[in-house]
Protein chains: 2
Amino acid sequence: MTSAGAAGRAPRGRIPEPTVARLPVYRRLLASLVAGRIRTVSSTELAAAAGVNAATLRRDLSHLGTYGTPGTGYDVVRLGEMVDRALALGRDWPIVIAGAGNLGRALARSRGFTTGGFRVVALVDVDPGQVGRTIEGVPIAHVEQLAELVVREGVALGVVATPASAAADVARRLADAGVRAILNFAPAVVPSPGGVLVRSVDLAAELQVLTFHLARARGEGASLGEEPPAGGTADRPQ
Amino acid sequence: MTSAGAAGRAPRGRIPEPTVARLPVYRRLLASLVAGRIRTVSSTELAAAAGVNAATLRRDLSHLGTYGTPGTGYDVVRLGEMVDRALALGRDWPIVIAGAGNLGRALARSRGFTTGGFRVVALVDVDPGQVGRTIEGVPIAHVEQLAELVVREGVALGVVATPASAAADVARRLADAGVRAILNFAPAVVPSPGGVLVRSVDLAAELQVLTFHLARARGEGASLGEEPPAGGTADRPQ
DNA sequence: GCATGTGAACACATTCACAGCA
DNA sequence: TGCTGTGAATGTGTTCACATGC
C-alpha cells in the first residue's frame with residue numbers, strides 16, 4: 001500500500017459509468033457551496049441537492065477514495081478538488097467543433113463549452129461562405145484544415161454538430177487528425193473510428209423519451225389504442 | 001387475454017428505461033430502411049446498425065409486443081409503426097421553448113425539434129428586446145404570456161434553455177401553465193414541479209464524462225499523479 | 001436451415017442497514 | 001450522538017443459449 005497522506009485515500013478499481021455521469025452534478029453543487037462559503041456538507045444534504053439517494057452518493061464518492069469525516073461530513077473544498085481531479089479538469093482542454101450551423105454556433109458560445117478548462121479553438125465547416133468568419137472570436141476554418149488545427153492546438157476533443165449524413169465522415173476525419181474523443185450531436189450512430197471514444201447526444205431522442213412517458217402516464221401504449229377507461233388516478237405518483 | 005389480431009401481440013408490463021432510450025435509434029434506422037425500399041430486417045442486422053447486442057435488440061422489441069417472423073426477421077414498415085406507437089409519435093406535439101438565447105434559438109431551428117410531430121409554437125423570454133421577434137417563423141413571446149400560450153396551443157412539452165439561475169423558476173411556471181413534461185438544458189438540478197416529468201441534458205457534463213475517460217485511458221486518475229509507468233498496453237481493448 | 005422470443009445465468013448498480021469512528 | 005464507508009440484500013438490465021416455429 002502507498003502511504004495514505006493528507007491528500008486522500010487511494011481509490012479502488014474502475015468507477016462505474018453511472019457514477020461518472022453524476023460527478024459533474026456533484027461538481028456543480030460543490031462549486032456553489034464554495035461560493036457560498038460553506039465549509040462542510042453531509043452526504044444527506046448533498047444527495048438531496050443532487051436528487052439522488054444518500055447511500056448512492058456515499059458509494060459514488062467512495063470510488064474516488066474520499067476522506068469524509070464521520071460525524072461531520074465532507075470538506076467542500078477538498079471534495080471539489082477530488083471530483084475535479086477524477087474528471088481531469090483544471091487543465092486546458094482545447095475543442096474543435098465540426099459544423100458551423102445553428103447548433104455548432106450555439107455550442108461555441110455556450111458557457112458549458114467555454115468554462116472549466118474547455119476552450120473552443122475553432123469551428124470547421126465545408127461551406128466556403130462560413131469559412132473565415134468568427135463566432136465570438138472563434139474562427140471558422142475549412143474542414144481541410146482540420147488536421148493542422150488539431151496538431152497545432154493540441155486538440156483532444158471533437159464535437160460533431162453536422163447533419164447526420166456527414167457525421168460518420170467527419171468523425172473519421174477528426175480521428176485521423178488526432179482527436180481522441182468525440183461528442184456527437186448528429187442524429188446518427190457514429191461508429192468509433194480507430195478506437196476513438198464516441199459519446200452521442202440525440203436531441204430528438206430526448207423529446208421522444210418524454211412523449212413515451214407522457215403516453216404511458218395516460219395509460220396509452222399498453223395496447224393498440226383500445227384501453228380500459230382508466231379508473232382516474234395514474235399509476236405512478238412520481 | 002384479448003384477441004391477438006394481425007396488428008401485433010399485446011406487450012407486457014412496463015418497458016425498461018434503457019430500452020426506451022434505444023427506441024429512437026431503432027426508429028431512425030427503420031426509417032432509412034423504409035426509404036431504401038428494404039422490406040425485412042433481422043435482429044442481427046438492425047442490432048449491428050444500432051451498435052447493440054442482437055439479444056438486447058430482440059428483448060427490447062419483445063417489450064413492444066413484436067411480431068417478427070422466425071427464419072425471416074422483422075417487417076420493416078410494421079416494426080417502424082410499432083416503435084412510433086410506443087413513443088406516441090405520429091401525432092402533433094406542440095412545444096414551447098423557454099429562453100431565447102443561443103441554445104434556445106438553435107433548438108427552435110433544429111430538425112429534431114421540428115420533425116416527427118414536434119412543432120415549436122413559441123419561444124418565451126424575459127428580455128423585452130427579444131419579445132416580438134421571430135425565429136424561423138416562430139414568435140418570441142414574453143414569459144408572462146406562457147400560461148395563455150400553453151392553453152391555447154395545447155402545449156404538453158416544455159424546453160428549458162435559460163441560464164441555470166432561472167431554470168427552477170421557469171420550470172415551475174411551465175408546470176403551472178399546464179405543461180406535462182420538461183426537457184431541461186440548463187446546468188441545474190430542476191426539482192420536478194408538481195410531479196411534472198423532468199429530463200435533463202447537461203452539455204458540460206457530457207464533455208466532462210469524455211475527459212474522465214481520456215484521463216483513465218492514459219492511466220491517470222488512479223492516484224494523485226503518481227502512477228507506475230504503465231506496462232505499455234491499456235487495459236481495455238475497446 | 002435460419003431467426004425469433006425467452007428462461008436462466010450473469011453482471012451491474014442501488015439501497016438498506018449497521019459497524020466503526022469523530 | 002451523528003455521519004461515514006461498506007457488507008449484504010435487493011433490484012435491474014444484459015447476454016447466453018436454446019426450444020420453437022417458419
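Below, read A as the first sequence line, B as the second, and so on, with proteins coming before strands; counting in each chain starts at 1.
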For B/A171 and B/V190, which heavy atoms make the closest approach, and how far apart are they?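 Shortest heavy-atom separation between B/A171 and B/V190 comes out as CB-CG1, 3.5 Å.
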Of the non-hydrogen atoms in B/A86 and B/L23, which two are nearest, and what is the gap between them?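 It is CB-CD1, 4.3 Å.
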Could you check how far [atom1] of [X] sits from [atom2] of [N], rounded to whole Å?
| X | N | atom1 | atom2 | answer |
| --- | --- | --- | --- | --- |
| B/Y74 | D/dG21 | OH | C1' | 14 Å |
| B/Y67 | C/dT6 | OH | P | 11 Å |
| B/L57 | C/dT6 | CG | C1' | 14 Å |
| A/E17 | D/dG13 | CD | P | 17 Å |
| A/E45 | D/dT4 | CD | C1' | 14 Å |
| B/H63 | D/dT15 | NE2 | C1' | 13 Å |
| A/L61 | D/dT4 | CG | P | 9 Å |
| A/R78 | D/dT4 | CZ | P | 14 Å |

Does atom CZ (A/R91) have a neighbourhood of more than 12 heavy atoms from anything else shown, all under 6.0 Å?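 Counting neighbours around CZ of A/R91, more than 12 heavy atoms of other residues, nucleotides or ligands fall under 6.0 Å, so yes.
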More than 12 heavy atoms of other residues, nucleotides or ligands under 6.0 Å from CZ of B/R39: is that the case?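 Check fails, neighbour count at 12 or below.
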Are A/S43 and D/dG5 close enough that a side-chain N or O sits under 4.0 Å from OP1 or OP2?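 Answer is no, no contact under 4.0 Å.
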Apply the test side-chain contact (heavy atoms from CB on, under 4.5 Å) to residues B/L210 and A/L183: give CA-CA distance (whole Å), side-chain angles for both, the deciding distance (0.1 Å), then the verdict. CA-CA 8 Å; B/L210 288 181; A/L183 184 56; 3.8 Å; yes
5' to 3', nucleotides 14-22 of chain C under a 4.0 Å protein heavy-atom cut-off (B base, S sugar-phosphate only, - none) gives SBBB--BBS
Side-chain (B/R22) to main-chain (B/D60) donor-acceptor, under 3.5 angstrom: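 Looks like no, no N/O pair under 3.5 Å.
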